[in-house]
Amino acid sequence: MHHKDGLIKDLEILYSAKPTPVRGASRIQKELSRRVLQTPDPKRIHTIAGADIAICVKEKKLVCGMILFSYPELEEIERVWTVSDEAFPYVPGLLGFREAPCIIKTFGKLRECCDMIMIDGHGLAHPRGFGLACHVGVLLDIPAMGVAKKCLYGTFSEPGFNRGERTLIRGKDGEVVGAALRTRDGVKPVFVSIGNRTDLDTSVAIALECSRGLRIPEPTRLADKYVGLLKKDVCG
DNA sequence: GCGACAG
DNA sequence: ATCTTGTCGC
């Protein structure tokens with residue numbers, strides 16, 4: 001229903017239509033990393049969605065919540081959610097295989113598409129250049145960016161004390177893979193990287209614009225709060 | 001071989 | 001991610 005299932009269909013080949021084995025997943029990531037588009041669309045962004053997931057350990061369920069906001073006002077437009085069976089274990093570096101399917105399913109419930117989706121995790125700042133934000137962005141073929149609370153891959157120097165200051169995160173070959181961004185004076189930085197159809201400067205500007213007083217940008221912060229409530233309702 | 005390791 | 005009370009500070 002959402003204007004592009006082409007890529008997802010192609011990917012069923014890579015996913016083999018069967019549960020993706022942990023080994024083999026890395027190869028798929030390297031393969032798909034080439035599909036990450038690092039150029040933003042010319043038109044301005046008017047809406048942004050934030051997504052997050054909560055886990056029901058005993059029930060083995062993943063609860064995904066997504067909230068769509070106007071941008072830059074950040075007024076809520078709608079919120080949707082879904083519950084999925086846990087189909088892939090948590091393995092550092094393979095988070096996309098665990099969470100992207102749930103986020104994609106939830107995205108399908110939005111009545112309105114979004115100009116950007118902010119993901120709780122990394123995009124290009126990943127060992128194989130294909131973090132969760134890229135996984136979601138590429139499969140849905142929409143603009144996506146990652147905002148993580150901890151660095152997973154690459155090296156960076158501590159950004160300056162003031163809100164807005166940033167430093168680049170560089171990969172093994174010195175390539176820029178993301179940015180460490182101070183969203184509040186003196187508070188730990190967040191790690192921003194490209195998911196798809198955007199560039200680093202744009203992503204950093206959006207992360208900063210969405211960080212109103214708190215360290216975590218509103219889209220993912222509120223989505224996190226949302227799934228926290230959903231979890232209590234859905235599980236024990 | 002050793003340490004690191006998003007959510 | 002999740003398990004959890006109080007507590008330091010603006």
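Chain naming here is simple, since letters A, B, ... match the order of the sequence lines and numbering starts at 1 in each.
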Can you pull every protein N or O that's under 3.5 Å from an N or O on nucleotides 3-10 of chain C?
none

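- Ion pairing of A:R44 with A:D115 is absent here, as no side-chain N (NZ or NE/NH1/NH2) approaches a carboxylate O to less than 4.0 Å.
- Using a 4.5 Å heavy-atom cutoff, the side chains of A:M118 and A:E218 are not in contact.
- Less than 4.0 Å separates DNA chain B from at least one heavy atom of each of the following residues of residues 144-162 of chain A: A:A148, A:K149, A:K150, A:L152.
- Pairs passing the disulfide bond (SG atoms under 2.5 Å apart) check and including a residue from residues 206-236 of chain A, sequence neighbours excluded, read A:C56-A:C235.
- Counting only heavy atoms from C-beta outward, the side chains of A:K60 and A:D85 never approach each other to under 4.5 Å.
- Applying the disulfide bond (SG atoms under 2.5 Å apart) test to pairs two or more places apart or on separate chains, none has a residue in residues 150-198 of chain A.
- The salt bridge (charged side-chain N to carboxylate O under 4.0 Å, His left out) check on A:R34 picks up A:E31, with sequence neighbours excluded.
- Between A:R163 and A:L208 there is a side-chain heavy-atom pair separated by less than 4.5 Å.
- Between A:I48 atom CD1 and A:I77 atom CD1 the span is 11.0 Å, to the nearest 0.5 Å.
- Contacts with DNA chain C (heavy atom under 4.0 Å) in residues 51-66 of chain A: A:A54, A:I55, listed by number.
- Within the model, atoms CZ of A:R197 and CD1 of A:I117 stand 14.5 Å from one another, a figure rounded to the nearest 0.5 Å.
- Between A:L140 atom CG and A:N196 atom CG the span is 9.5 Å, to the nearest 0.5 Å.
- On the nucleic acid side, DNA chain B has its first and last nucleotide under 4.0 Å of a heavy atom of chain A at B:dC5 to B:dG7, going 5' to 3'.
- If you measure from atom CG of A:L229 to atom P of C:dT2, you get 12 Å, rounded to the nearest angstrom.
- Connectivity analysis of hydrophobic side chains (ILVMFWY, heavy atoms under 4.5 Å, direct or indirect) links A:L229 to nothing; its cluster partners are none.
- Side-chain contacts under 4.5 Å among hydrophobic residues (ILVMFWY), followed directly or transitively, place A:Y153 together with A:L152, A:F156, A:I169, A:V177, A:F191.
- If you check residues 211-224 of chain A against DNA chain B, you find no residue with a heavy atom closer than 4.0 Å.
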Practice task
Let me see the working for A:L94 and A:Q29 under side chain to side chain contact (heavy atoms under 4.5 Å, CB included), right down to the final yes or no.
Solution key: CA-CA 9 Å; A:L94 300 182; A:Q29 291 181 320; 3.5 Å; yes

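- Pairing each heavy atom of A:R215 with each of A:P189, the nearest pair is NH1-O, 2.8 Å.
- Less than 4.0 Å separates DNA chain B from no heavy atom of any residue of residues 179-194 of chain A.
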Exercise for the section: Begin with the C-alpha distance, continue with both residues' side-chain angles, and end with the deciding distance and a verdict on side chain to side chain contact (heavy atoms under 4.5 Å, CB included) for A:E158 and A:R182. Expected result: CA-CA 9 Å; A:E158 197 67 15; A:R182 195 83 70 186; 3.6 Å; yes

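- A:R170 places no side-chain N or O within 3.5 Å of a backbone atom of A:T155 that could act as its donor or acceptor partner.
- Between A:D52 and A:K225, none of the side-chain N atoms (NZ, or NE/NH1/NH2) sits under 4.0 Å from a carboxylate O, so this pair counts as no salt bridge.
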Fill in the blank from the handout: For DNA chain C, the expected dot-bracket line (Watson-Crick or G-U under 3.5 Å, [ ] crossing, | inter-strand) is ..........

Practice task
Would you check, one step at a time, whether the test side chain to side chain donor-acceptor pair (under 3.5 Å) holds for A:K109 with A:T82?
Solution key: CA-CA 9 Å; A:K109 298 189 79 171; A:T82 61; over 6 Å; no

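- Note that the NE2 atom of A:H122 and the CE atom of A:M145 stand 12.0 Å from one another [nearest 0.5 Å].
- Each of A:V136 and A:L37 belongs to its own hydrophobic cluster when Ile, Leu, Val, Met, Phe, Trp and Tyr are linked at side-chain heavy-atom distances under 4.5 angstrom.
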